[in-house]
Q: 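Here it is, the structure in full.
The chains referred to below are lettered A, B, ... by the order of the sequence lines, with proteins before strands, and numbering in each begins at 1.
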There are 2 protein chains.
Amino acid sequence: MTTLNDVAKKANVSKMTVSRVINHPEQVTEELRALVHAAMKELNYKPNVMAKALANNRTQIIKLLILEEMDYVEPYYMQLLVGIANELDKHAYGLQLVTKRNTQIGDSDGYIVCGMREADYEWLNTLEKPIVLFGENTHGYNFVDSDNQKSIERAVDYAISLDYERIIFVGVDVNEPFAISREKGYLSAMERHNKYVSMFRLENRSKYSAAFVRENWETFVPNTAFICASDRLALGIIREVKEQGGSIPEDFGVIGHDGVFLDRIAYPYLTTLKQSVDKMGAATAQLVLQKINASGSDQGNILFDTELKLGGTTRLKKNQIHT
Amino acid sequence: MTTLNDVAKKANVSKMTVSRVINHPEQVTEELRALVHAAMKELNYKPNVMAKALANNRTQIIKLLILEEMDYVEPYYMQLLVGIANELDKHAYGLQLVTKRNTQIGDSDGYIVCGMREADYEWLNTLEKPIVLFGENTHGYNFVDSDNQKSIERAVDYAISLDYERIIFVGVDVNEPFAISREKGYLSAMERHNKYVSMFRLENRSKYSAAFVRENWETFVPNTAFICASDRLALGIIREVKEQGGSIPEDFGVIGHDGVFLDRIAYPYLTTLKQSVDKMGAATAQLVLQKINASGSDQGNILFDTELKLGGTTRLKKNQIHT
DNA sequence: CACTTTTCTGTTATCGGTAACACGAAATAT
DNA sequence: ATATTTCGTGTTACCGATAACAGAAAAGTG
């Protein structure tokens, strides 16, 4: 491995100059800068991350805290992880995963936290390094999330544009900001369209949404769309509507939310609001790193739009050809 | 942060002695050892990983290479990752994820590789640090995997013990060791039971196994069990058997393989061979670390047994009560 | 008892970087 | 023209650990 020193000799300068070229190039004359760059290229110099970390009193490690029980972890976590890890990689940062079971967490330069519940916030305060959350929150932590409200609004608009008469919202029964935002999206869109609202909250498992359909089947009339706050719930709806003999998508439309993996498991493929989870992961990583470099100061939040991904659980628009 | 030096002062020894207590305790008298330990505890000393890494010319980083296209990545990767990451954490190692898109991979102390295809081996040889594969292989790389052959053998045995008359194997159509081992398991069990084999290979997607059932429905007679090489294939089988009006589990049994996530998506829950993916991940991590400490020398392989996890897609045994 | 060997602990140099200071040369001010 | 500042670079010390060597004390030997 070539070191700063090797480059310095090659370029006939001190290693401090080389270091400066890398970290504070404006402090070095253009002439020397060019020399050093040439030497670095020629020797294929790669900085030693550990040495840098030691000198800067950094760890070059970001901890990813997953506070949910792993049993309930949605498949999109994998994509999230890949997004985060790839981004960190680019900046020579390593990732350490911390799940609920690891009680003690070692040293790091910053944290990314997912699966937060209200109960966790107090504990979160005890962490001393910059923190970014994956998922909206009302506690002032910087976060990255989908624009949940807008997302559901669009789903409602879309369902209505397909001439579904009744629009039912099947939400998840947790008192968390993302769930509330999705409900808000439903309510505000319904108000815009001047329609009667019909909203339910269920635990986020397909068997509960299936049971929900079974128990209320008689109250559902054809030409209804179910807007679901998760693909998981949507899956149960589809299953039981079919079971009851309802026809999808003619009499009953179903739109899910998340668009990672589960929507492709459904048959037919689920129409869903797809989150760009990998991009969101990358953005989250960037946000922590940014926050670290800014000594932990506020860096704002980032909201991503979801993408309406059409499957076979909603009607085609007039004149539309199925792809 | 307390350093070696702080501890040394507290214990009235040189920092070298403290370092020895940590790394080569047998070289230090019991007396001093106790002193040092007391000082470490009192000051709550945590070694600085970066400094250690620098001194040892290590990076404290393991790269996880995922060579599959992320679209096809099974949900169990998440569990695997958690298993690996938790284990690395314990040993102060960080994880870096490398997917196919990152062409150039930075420095690390070792590699864990998953999703290997035959075509990748040549490239793999160019890596210079210890490598452990997740997944059996015939190229001499140390690996961790499930005992695929034994696993399917047990599935066949179990299906027969439930008095299913015909046993059909639905394998995945790739020429990889894991797939071949699973086929072997089927063939050897069938031979033991002296039964006619009936084996198929399909691309690993539920729509293909569903199509398979649809196209061959007339050739299937009641009292048949489908042993599938993946839960994904099993899902398609269930879906189409139901569609065709076959009754599960009375006339048709279905057993999947993997037991992560997908089996719980199925309705009814799938009977499947569950891999302890998180434990396997931990074992994989241990194996690389071990290999690193042994300067890359051969460390053997580790095979895990799968666990038969009963769902509603197989009959109950006589006298068995459904839990 | 003197002489070698072993055992234990401390000293020094090093890993590959960076910050803080030092210092000569060039630029600006008086 | 001299005093003062700015600029650009090199020197030194240090981040927190470890290996290699050094040297004193203890143990073993004849």
Q: Could you please name the option among C:dG10, D:dA17, C:dG17 that lies closest to any side-chain atom of B:Y45?
A: D:dA17
Q: Could you tell me whether the side chain of A:K15 has a donor or acceptor atom within less than 3.5 Å of a complementary atom in the base of C:dG17?
A: yes
Q: Reckon B:H24 has a side-chain N or O less than 4.0 Å from the OP1 or OP2 of D:dA19?
A: yes
Q: Does A:N56 reach a base, just sugar-phosphate, or nothing at all? Heavy atoms under 4.0 Å.
A: sugar-phosphate
Q: According to a strict under-4.0 Å criterion, is B:N23 in side-chain N/O contact with OP1 or OP2 of D:dT18?
A: yes
Q: Please tell me which of the listed nucleotides, C:dG16, C:dA19, D:dC21, lies nearest to the side chain of B:R20?
A: D:dC21
Q: Step by step, work out the side chain to side chain contact (heavy atoms under 4.5 Å, CB included) result for B:M78 and A:L81.
A: CA-CA 9 Å; B:M78 185 63 203; A:L81 243 143; 3.4 Å; yes
Q: Rounded to whole Å, please give me the gap between CE in A:M1 and P in C:dT14.
A: 21 Å
Q: Using heavy-atom distances to pick each residue's nearest nucleotide on DNA chain C, tell me which of B:V28 and B:L54 is more 5'.
A: B:V28
Q: Side-chain donor-acceptor pair under 3.5 Å between A:Q286 and A:H91, yes or no?
A: no
Q: Please tell me if B:S19 has a side-chain N or O lying less than 4.0 Å from either OP1 or OP2 of D:dA17.
A: no
Q: Is any side-chain N or O of A:T29 closer than 4.0 Å to OP1 or OP2 of D:dC7?
A: no
Q: By the 4.0 Å heavy-atom rule, please label B:N57 as base, sugar-phosphate, or nothing.
A: nothing
Q: Taking atom types as modelled and ignoring hydrogens, do the side chains of B:N48 and B:T3 form a donor-acceptor contact shorter than 3.5 angstrom?
A: no
Q: Let's see if you can work this out: which of C:dT9, C:dG10, C:dA19 has an atom nearest to the side-chain heavy atoms of B:M16?
A: C:dG10
Q: In whole Å, what is the span from the CG atom of A:D6 to the P atom of C:dT14?
A: 15 Å
Q: By nearest atom, which of the nucleotides C:dT11, D:dC15, D:dG16 is closest to the B:T3 side chain?
A: D:dG16
Q: Under 3.5 Å, is there a donor-acceptor pair between the B:S108 and B:Q96 side chains?
A: no
Q: Return the minimal non-hydrogen interatomic distance between A:A53 and A:Q60, and the atom names on each side.
A: CB-CG, 3.6 Å
Q: Tell me whether the OP1 or OP2 atom of C:dG10 has a side-chain N or O from B:T17 closer than 4.0 Å.
A: yes
Q: Can you see if the side chain of B:S14 gets near the phosphate of C:dT11 - specifically, an N or O under 4.0 Å from OP1 or OP2?
A: no
